[in-house]
Every structure is written in C-alpha cells, then in structure tokens.
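Each remark here refers to the structure printed beneath this line.
To find a chain, count down the sequence lines: A is the first, B the second, and so on, and within it residues start at 1. Atoms considered below: every heavy atom in the structure, side chains included; atoms not considered: hydrogens, waters and symmetry mates.
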There are 2 protein chains.
Amino acid sequence: MDTFGTYLRKRREALALKRAGFSLRKVASMAGIQPSYLSKIERDQEAPPGEETIKRLAAALEVDADMLLAMGGKVSSELQAIILKRPELMSQVLQELKKLPQSAVLRLVREVRDGNW
Amino acid sequence: MDTFGTYLRKRREALALKRAGFSLRKVASMAGIQPSYLSKIERDQEAPPGEETIKRLAAALEVDADMLLAMGGKVSSELQAIILKRPELMSQVLQELKKLPQSAVLRLVREVRDGNW
DNA sequence: CCAAGTGTTTAGTGATTACTAAACACATAA
DNA sequence: TTATGTGTTTAGTAATCACTAAACACTTGG
C-alpha cells in the first residue's frame, strides 16, 4: 500500500470480489464524482480529492474517514480540534509515532483498546 | 488555544517575553513571508499557510513541525508515508485518540516515552 | 521632533485545486 | 449484433489558494 490511489483501488477491488456494486462507476456515483475523476485518482494521476469527497469515498468503501483523510494529507476538523486543545501533547504523540517500531505501536494500540494499562 | 492563528500568536508572544527577536516582522522574515500575511494568519483572517511556510514557522517558533502542520489541517509527507504503510493500524490509533480521555492519552505517552511497557 | 519599530489594512494576482463533460476502447451477455 | 457494463483519455474551467506590495496608524526612545 504505497499511495493513496493504490489503496483506494485495492480496497474497492477487494470489496468487489465479495459483493456486487463496487465498480469504479458505482463507487464514483456513491461519492458524487465523475468516474473519469475517480479513475485518475485511483491511478495517482490526480492528487487526492477534497475533504468532503474523501469522506464520501470513505463511507462508500467502508473505511475510517480520518484515516483516509490522513492518507490524503489532510486532517479532519474533528481531529484538528482535539489537537488544538493540547498541542504539546500531540507533539509528543506524533514524535513517538515516528520513532516507534511498528510492532510497538501495534502493541500500544491493543493495550489501549483493551483497557488494561 | 482554539485556533491555528491564536496558537501562533500566543507562542510568539510567549517567546518575545523571554528573548528579543520575536516581533511579528522578525518572525515573518524568518519564515520568509510578508509581515502583513503573518498578521492576517495570526488573527485567523487568513487560512493557515502552505506546508513549507508552516514548517518554516515551526522552526522559527521552535515547535514541532508535524504538530503545527496538523493544527493547520495538513499531514506531513513523512507522517503520510507511515500511515500508508499500515492504514488499518492508523485507523485504530485515530479512533482511540478520539475516544480516550486526555489524562489517559497523557499517561499513555509518558509510558511510551519512558519505555516501561 | 523624528526615526525606528510595532502591528494592520487594502488591493491585487499567478498558480493550483478540484473538479466536469464527452468521447473512446474493450469485454461480455442476450 | 447490439446493448450494457467495464475502465480510460482528452480537454477544459470556475473558484480558491498562497501569497506580495505598499501604504497606514500608533508608540517609544534618543
């Protein structure tokens, strides 16, 4: 998964294998954009679309909107509000995220999710 | 700290109290932009500037660039690359961040930083 | 007084963004 | 064979973005 477009295409194709209704045209229509535009985005011929379109794509492809936004280089206003409340904290979190090996992050998240820490 | 501009202004004024060289004009010059432009940004009359300018502002004001970028609604390409490698993991991290009480996040970060977990 | 330093207002602009519309090419099914 | 569905190419555009430049207003120190 090395780019925004590649991620979109793979995700869409994975869904298409399991259920109908995930052709490029169908998904474009769900997201309210032209198929030609989605085609270019999926092949990284175009930059990631705007915030609202990314959100609709996330809904159509059943993935987390904040994550898809982040992949597209954007931060949702929701998340932005959280960050603005505690800038120095977020600064630390981001630095840790960059330093930590993946396995450590994975373990960290699991522990947080399970509440045993 | 409720907006990008307010954060910038408070940070700059805090630095100005301790040392000289943090007038609006000086900081604008450090960041390579016009004072008029910085003035508008600090008062939220203008949207946060572009990625490169945010990075230079972060350097001038001695804050974490990724955090300032996030405050400005952008994700650095560095961070984007990390996210693209493990989308489903980042999805979880973001969801946890939104759910967790601040104290929990604080404790989490401290523990991660100290390496005892 | 006036020079230097502070922040602010006004007016503008080239480049980029975030798309649309229409036609094209190919495969499969009826 | 022709209709339907798939993705792709080409050409264009309105609006927004990311700023600049210059003048204005105020305060303070020499």
Open item on the list: I want to verify a distance call: between D/dC19, D/dG7, C/dT6, whose nearest atom is closest to the A/Arg12 side chain?
Closed with: D/dG7
Open item on the list: Once rounded to the nearest 0.5 Å, what's the spacing between atom CD1 of B/Ile41 and atom OG1 of B/Thr53?
Closed with: 7.5 Å
Open item on the list: At less than 4.0 Å, is any side-chain N or O atom of A/Gln45 found next to OP1 or OP2 of D/dT9? Yes or no.
Closed with: yes
TODO: Indicate, yes or no, whether a donor-acceptor pair under 3.5 Å links the base of D/dG5 to the side chain of A/Arg25.
DONE: no
Task: Closest to the B/Thr53 side chain, choosing from C/dT9, C/dT6, D/dC19 - done: D/dC19
TODO: Could you pull out all residues at least two apart from A/Arg43 that satisfy side-chain contact (heavy atoms from CB on, under 4.5 Å)?
DONE: A/Arg9, A/Ser39, A/Lys40, A/Gln45
Task: Student check: side-chain heavy atoms of A/Met71 and B/Pro87 closer than 4.5 Å - done: yes
Open item on the list: OP1 or OP2 of C/dA18 versus the side-chain N and O atoms of A/Arg56: is any pair under 4.0 Å?
Closed with: no
Task: Contact check, side chains of B/Tyr7 and B/Val63, non-hydrogen atoms, under 4.5 Å - done: yes
Task: Partner set under side-chain contact (heavy atoms from CB on, under 4.5 Å) for B/Glu62, not counting sequence neighbours - done: B/Arg11, B/Leu15, B/Arg19, B/Phe22
Task: Among D/dT6, C/dT20, C/dT9, the one nearest B/Ser36 by side-chain distance - done: C/dT9
Task: From C/dC19, D/dT8, D/dA21, nucleotide with atom closest to B/Gln34 side chain - done: D/dA21
Task: 5′-ward residue of the pair B/Arg43/B/Ser23 relative to DNA chain C - done: B/Ser23
Open item on the list: Between the side chains of B/Glu52 and B/Arg56, is the shortest nitrogen-to-carboxylate-oxygen separation below 4.0 Å, so that they form an ion pair?
Closed with: no
Could you run down the sub-3.5 Å N/O contacts of the protein with nucleotides 11-15 of chain C?
residue, atom, partner, partner atom, Å
C/dA11, N6, B/Lys40, NZ, 3.3

